[in-house]
Amino acid sequence: MTKTSSYDVAVIGGGIAGAAIAGEAASRGLQVLLLEKNEFGSGTSSRSSKLIHGGLRYLELAGYFFLRCRFKESWKNFSFVFSSIRESQILRKTHPDLIEPHPILLPIYRSSPRSRWLIFLGTALYGIMAFGAGNRRFPHFLLSPEKALRQVPSLRKEGLLGGVVLWENLTDDRALVNRIIQSALEKGATALPHALVLHYCYDNAGKVYRIRTKTEGTEKVFEAKQLVNATGPWVDQTRQRVSQTRDAFVLPIAGAHIELKQFTPYSCLLQAEDHRFFFVINIHGVSRVGTTEREWADPDHVEPTDEEMTYLINSLKYYFPSIAFSKNQIIRSDAGVRPLARPAAESKANQVSREHAIFQTGDGVYHVVGVKLTDHRRAAIEVVNRTERK
Ligand SMILES: Cc1cc2nc3c(=O)[nH]c(=O)nc-3n(C[C@H](O)[C@H](O)[C@H](O)COP(=O)(O)OP(=O)(O)OC[C@H]3O[C@@H](n4cnc5c(N)ncnc54)[C@H](O)[C@@H]3O)c2cc1C
């Protein structure tokens with residue numbers, strides 16, 4: 001076993017969260033070490049819907065809690081949407097070649113659980129929030145079925161009332177992780193792929209953490225004054241490497257996507273039979289369709305299930321009745337596990353806040369969960385502020 005040099009901060013996990021924390025710490029002149037057991041961005045951060053967005057769905061959730069007089073949860077979701085919209089604007093300026101505005105059509109049907117005017121009101125509010133954050137692209141309201149069909153002629157006609165074209169941002173999630181790591185390296189950080197963290201402990205005498213890693217069969221020990229666990233859906237497994245823990249920080253919710261040859265001129269936001277929203281996102285001639293939600297605790301072995309693929313294909317068949325969809329047309333599929341911050345009380349997966357959370361355990365280690373692609377910058381600033389204060 002070889003021992004190597006000492007760092008100010010060591011970060012475990014090279015997804016969007018770990019990359020952003022390493023980048024933020026390096027930009028403040030700290031000596032940073034980033035350790036990733038596989039390739040950078042190979043976890044959840046490369047299995048997303050590829051959107052940098054505020055999340056219209058979370059705005060609806062804010063309304064849902066408001067109507068039930070659960071004002072704290074309502075405000076949490078509302079402010080999450082606003083800060084995500086603001087982050088989207090900032091990220092578009094810092095990575096203009098990786099994050100670009102992308103129009104998405106939200107068709108409105110008579111069968112929708114929300115009325116047309118409620119949807120117009122919600123999307124207008126979303127547009128006003130985006131405008132306030134500096135996005136000058138306001139939603140475009142399509143007040144008749146003909147106008148919606150002009151955008152996507154193959155859409156289901158029965159019950160169609162109109163639609164809204166929203167502006168979100170499309171990114172290449174994995175390239176974004178690699179870009180942030182590249183800029184951390186340029187600021188002096190050390191980033192090691194294929195470095196599995198086996199164990200860590202705090203050495204009271206030396207006032208450092210000792211982090212034992214394994215790279216291609218060779219074990220090494222690194223030392224760092226501060227330690228951050230940013231292993232996303234593996235956060236609890238990483239903690240369990242050093243101590244028996246009963247409480248869980250993560251609520252692991254898997255989500256799947258399927259990819260088909262592009263079949264619609266516009267990306268769409270649709271509502272499945274169970275009223276869950278799902279996206280059809282056009283990326284370079286491919287339509288990426290998803291996503292789903294199911295609790296799944298093993299992020300090392302996550303694949304789209306047959307049931308998930310059937311659910312997505314059936315949802316497409318409903319909205320595009322003239323296209324003969326089948327599972328044979330799936331070019332690619334993938335699944336990832338959302339590392340949501342586990343709520344104190346039992347909640348439905350689609351009602352859990354998507355705000356990140358930072359926990360500190362008795363050994364002083366920071367554990368960060370629930371970081372979305374969209375809010376990675378804000379989460380990283382918070383984590384590094386806390387490590388610096390300490
Ligand atoms: C289906 C789906 C769609 C999504 N769509 C969007 C979207 O459109 N927009 C958006 O903003 N967000 C989206 N998200 C959320 C977002 O993708 C995740 O919240 C985010 O990628 C989590 O990043 P992370 O760095 O915390 O975790 P990860 O990306 O999983 O990174 C954790 C890393 O830790 C490494 N690791 C684990 N254990 C160890 C160890 N012992 N030693 C060293 N390394 C270790 C893993 O290999 C992994 O690379 C989506 C998520 C899902 C599942």
Side-chain angles (χ1 to χ4, degrees), residues 10-22 33-55 57-58 80 84 87-88 91 99 102 104 168-171 173-174 176-177 180-181 191-200 211-215 228-242 249-250 252-258 278-279 281 288-294 296 299-300 302 304 308 312 333-341 349 354-357 367-377 379-380 383:
V11 182
I12 315 173
I16 193 73
I21 295 164
L33 172 67
L34 177 65
L35 298 161
E36 163 56 48
K37 69 173 178 173
N38 292 319
E39 297 287 335
F40 297 121
S42 58
T44 310
S45 297
S46 51
R47 292 127 195 257
S48 77
S49 303
K50 327 255 178 221
L51 291 173
I52 299 292
H53 62 152
R57 196 164 78 70
Y58 313 124
F80 172 70
S84 298
E87 284 303 299
S88 308
L91 294 176
I99 300 172
H102 189 77
I104 300 179
E168 299 286 17
N169 302 286
L170 192 60
T171 191
D173 45 12
R174 197 163 187 158
L176 184 63
V177 173
I180 296 168
I181 291 177
L192 303 177
H194 305 289
L196 169 71
V197 171
L198 299 170
H199 192 267
Y200 59 81
I211 307 139
R212 187 153 55 86
T213 65
K214 192 172 178 181
T215 307
V228 179
N229 171 12
T231 52
W234 287 267
V235 155
D236 290 318
Q237 278 100 317
T238 305
R239 293 167 62 212
Q240 280 150 14
R241 287 177 178 275
V242 300
F249 293 160
V250 177
I253 302 291
H257 285 95
I258 55 173
F278 71 98
F279 286 107
I281 302 289
R288 183 167 169 81
V289 183
T291 175
T292 54
E293 283 178 343
R294 68 186 153 97
W296 184 254
D300 282 305
V302 55
E308 284 173 315
L312 292 172
S333 63
D334 58 62
V337 181
R338 301 170 183 87
L340 303 186
R354 302 297 157 115
E355 182 64 282
H356 60 262
H367 308 267
V368 52
V369 299
V371 178
K372 293 194 79 197
L373 292 170
T374 308
D375 72 344
H376 69 266
R377 193 197 69 97
V383 172

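Both counts, for ligands and for their atoms, begin at 1 and track the order of listing.
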All side-chain contact (heavy atoms from CB on, under 4.5 Å) counterparts of [X], not counting sequence neighbours:
X	answer
Leu196	Lys37, Leu198, Arg241
Val242	His199, Tyr200
Lys372	His53, Tyr58, Phe80, Arg354, Asp375

For this session: Without swapping roles, check the side chain of Arg239 against the backbone of Val235 for a donor-acceptor pair under 3.5 Å.
Result: no
Exercise. Rounded to the nearest 0.5 Å, how far apart are CD1 of Ile281 and NE2 of His102?
Worked result: 5.0 Å
For this session: Quick one, list the residues around ligand 1 where some non-hydrogen atom comes in under 4.0 Å, by chain and residue number.
Result: Ile12, Gly13, Gly14, Gly15, Ile16, Ala17, Leu35, Glu36, Lys37, Asn38, Gly43, Thr44, Ser45, Arg47, Ser48, Ser49, Lys50, Leu51, His53, Ala195, Leu196, Val197, Ala230, Thr231, Gly232, Pro233, Trp234, Arg241, Gly255, His257, Thr291, Gly336, Arg338, Pro339, Val371, Lys372, Leu373, Thr374
Exercise. Could Glu39 and Arg174 be called an ion pair, given the rule that one side-chain N must be under 4.0 Å from one carboxylate O?
Worked result: no
